[in-house]
Each structure stands twice: as C-alpha cells, then as structure tokens.
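As structure tokens, the structure follows; a few thoughts come after it.
Because the structure is a prediction, the values reported are computed rather than measured. Atoms considered below: every heavy atom in the structure, side chains included; atoms not considered: hydrogens, waters and symmetry mates.
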Amino acid sequence: MKILMVCLGNICRSPLAHGILQHLADKENLGWQVHSAGTGGWHVGSPPDRRSVLAARNLGYDISAQRARHFNESFFEAYDHILVMDRNNLRDVLQLAKTEAYRQKVRLFLPDGEVTDPYYDNDLFGPVSLEVEQRCKELLKELRG
C-alpha cells in the first residue's frame, strides 16, 4: 500500500504523519510506503522544520532525512490513499484530480476536522505531533483491515 500525506509546505504536519505512520507500519512489517508532499512548492528539497523534527524525536521518531516535495498530478496514479491535513489542502489537491477515481483517493487526515498548522506558534508542535501520532495509530488499524 502506498500512502501520501499532504500539507501546505511539506515541512511541519505532513512530515510528522509520514514519519510516524511509516515507523508504525515498518514495526508491523506491513510493507507500506508512506511519503509526503506539499501543495505549495516553496520548501522543495528542504528538510522538515526543526520544530517538527524535535517534536517527532520527543515521541521516538526520526523524520530528519525527509525532504519536501511539491504535490503534482502524477501522485494520483502513484498512491492508494492521499490524506490531507486541512480543507485548503483538500481543495487544492481535488482541483488537480481529473477523474472520480482520483478524487476517491483523497480525504482529510482527521475524519472530523483539520490538523492545525503549527508553523507560526512554537507551542503547537507538541500537541500537533501527539494528535498526528494518535491518528496514525488509528489509520494503521483502519487501513490494515
């Protein structure tokens, strides 16, 4: 299974979800491939925000080797699930979906809301990382089926 996590710049939220879910799937020997991308291209090639790296490390995950990528149409073919962090990301990704099959792959990461973007508030990285970790544990159960 191939899963893509998407946020705005691919340096805060989606790298957390990418790293945490990949770690959990690897621990269970599921053979999943988890990646991430951003709807904006400003940070392409950059590592995750240092605050996300630290928040992940505090939970026991290493996301430091990731590099930001820009979401593009080829990802609809490449991934089975495309999970986006907020409604703006959802809108931006769905605008690129040319078929109903592509649209069916896309949904919010949190079934009942959005993951807050912590970029402008240092104090949000801890709570966001905990929220993302909890959802990744739920996703592992849901998608494993």
Side-chain angles (χ1 to χ4, degrees), residues 1-76 78-97 102-145:
M1 184 176 323
K2 294 182 77 174
I3 302 161
L4 183 69
M5 305 296 187
V6 181
C7 70
L8 182 60
N10 193 207
I11 59 168
C12 295
R13 296 169 291 174
S14 58
L16 283 167
H18 166 181
I20 293 170
L21 187 59
Q22 185 68 68
H23 177 90
L24 296 172
D26 288 350
K27 209 165 117 177
E28 304 258 339
N29 296 312
L30 296 175
W32 294 0
Q33 293 180 38
V34 183
H35 298 112
S36 59
T39 56
W42 316 280
H43 302 290
V44 168
S46 298
D49 187 288
R50 61 176 174 70
R51 298 165 297 175
S52 282
V53 172
L54 179 60
R57 187 177 305 131
N58 288 340
L59 294 175
Y61 308 100
D62 182 6
I63 64 170
S64 62
Q66 294 181 32
R67 294 297 176 262
R69 300 184 310 160
H70 188 219
F71 186 89
N72 67 67
E73 290 180 35
S74 72
F75 293 163
F76 290 111
Y79 293 95
D80 303 303
H81 300 278
I82 300 172
L83 305 176
V84 300
M85 298 296 143
D86 64 40
R87 286 179 181 81
N88 288 334
N89 305 141
L90 182 66
R91 180 198 64 229
D92 292 344
V93 168
L94 288 175
Q95 282 179 342
L96 296 174
Y102 289 170
R103 285 187 282 281
Q104 292 299 316
K105 294 181 177 193
V106 182
R107 63 183 163 120
L108 287 170
F109 176 75
L110 293 177
D112 298 322
E114 302 178 309
V115 178
T116 301
D117 189 345
Y119 186 77
Y120 293 105
D121 186 345
N122 293 338
D123 294 333
L124 289 175
F125 280 85
V128 164
S129 65
L130 287 171
E131 179 179 48
V132 168
E133 181 186 45
Q134 179 58 43
R135 179 62 182 139
C136 284
K137 289 176 179 177
E138 294 167 3
L139 278 168
L140 188 73
K141 290 177 186 170
E142 280 177 31
L143 297 176
R144 191 171 40 194

- Is there any salt bridge (charged side-chain N to carboxylate O under 4.0 Å, His left out) pair reaching into residues 17-44, and which pairs are they, with sequence neighbours excluded?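 Salt bridge (charged side-chain N to carboxylate O under 4.0 Å, His left out) check on residues 17-44 returns Glu28-Arg144.
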- salt bridge (charged side-chain N to carboxylate O under 4.0 Å, His left out) partners of residues 58-75, not counting sequence neighbours, each pair once: Glu73-Lys98
Roughly how far, to the nearest 0.5 Å, is [atom2] of [Y] from [atom1] of [X]?
| X | Y | atom1 | atom2 | answer |
| --- | --- | --- | --- | --- |
| Ile3 | Leu21 | CD1 | CG | 5.0 Å |
| Leu140 | Leu30 | CG | CG | 6.0 Å |
| Leu83 | Met5 | CG | CE | 5.0 Å |
| Cys136 | Leu24 | SG | CG | 6.5 Å |
| Leu94 | Leu90 | CG | CG | 4.5 Å |
| His18 | Cys7 | NE2 | SG | 12.0 Å |

Might you point out which heavy atoms bring [X] and [Y] nearest each other, and give the distance in Å?
| X | Y | value |
| --- | --- | --- |
| Gln66 | Ser36 | OE1-OG, 3.6 Å |
| Ala17 | Val34 | O-CG1, 4.5 Å |
| Ala25 | Trp32 | CB-CE3, 3.7 Å |
| Ala68 | Ile11 | CB-CG2, 4.3 Å |
| Phe76 | Ile82 | CD2-CD1, 3.7 Å |
| Ile63 | Pro15 | CG2-O, 3.7 Å |

- Contacts of Tyr79 meeting ring-ring contact (aromatic ring centres under 6.0 Å, His included) (sequence neighbours excluded), chain-then-number -> His35, Phe75
- For Tyr61, enumerate each residue passing the ring-ring contact (aromatic ring centres under 6.0 Å, His included) test, keeping only those at least two apart in sequence or located in another chain.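 ring-ring contact (aromatic ring centres under 6.0 Å, His included) list for Tyr61, sorted by chain: His23.
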- Query: Mind checking what makes side-chain contact (heavy atoms from CB on, under 4.5 Å) contact with Thr39, not counting sequence neighbours?
  - Reply: Val6, Leu8, Asn89, Asp92, Val93
- Message: The criterion is side-chain contact (heavy atoms from CB on, under 4.5 Å); which residues satisfy it with Asn58, sequence neighbours excluded?
- Response: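 Asn58: side-chain contact (heavy atoms from CB on, under 4.5 Å) contacts with Leu54.
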- side-chain hydrogen bond (donor to acceptor under 3.5 Å, both in side chains) involving Ser14 - partner list, sequence neighbours excluded: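 Partners of Ser14 under the side-chain hydrogen bond (donor to acceptor under 3.5 Å, both in side chains) test: Asn10.
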Without placing hydrogens or testing angles, list every side-chain donor-acceptor pair under 3.5 Å for residues 107-121, not counting sequence neighbours.
{"residue": "Glu114", "atom": "OE2", "partner": "Arg87", "partner atom": "N", "Å": "2.6"}
{"residue": "Asp117", "atom": "OD1", "partner": "Tyr119", "partner atom": "N", "Å": "3.1"}
{"residue": "Asp121", "atom": "OD1", "partner": "Asp123", "partner atom": "N", "Å": "3.0"}

- salt bridge (Lys or Arg N to Asp or Glu O under 4.0 Å) involving Arg103 - partner list, sequence neighbours excluded: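 Residues passing salt bridge (Lys or Arg N to Asp or Glu O under 4.0 Å) with Arg103: Glu100.
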- Sequence-distant partners of Arg91, salt bridge (Lys or Arg N to Asp or Glu O under 4.0 Å), two or more places apart: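 Arg91 satisfies salt bridge (Lys or Arg N to Asp or Glu O under 4.0 Å) with no other residue.
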- Is the backbone N or O of Leu4 less than 3.5 Å from a side-chain atom of Gln33, with the two atoms forming a donor-acceptor pair by type?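 Looks like no, no N/O pair under 3.5 Å.
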- Message: Whether Lys141 and Glu138 form a salt bridge (side-chain N of Lys/Arg under 4.0 Å from carboxylate O of Asp/Glu) is what I want to check.
- Response: no
- Item | Residue pairs passing the side-chain hydrogen bond (donor to acceptor under 3.5 Å, both in side chains) test where at least one lies in residues 45-54, sequence neighbours excluded | Asp49-Arg51, Arg51-Asn122
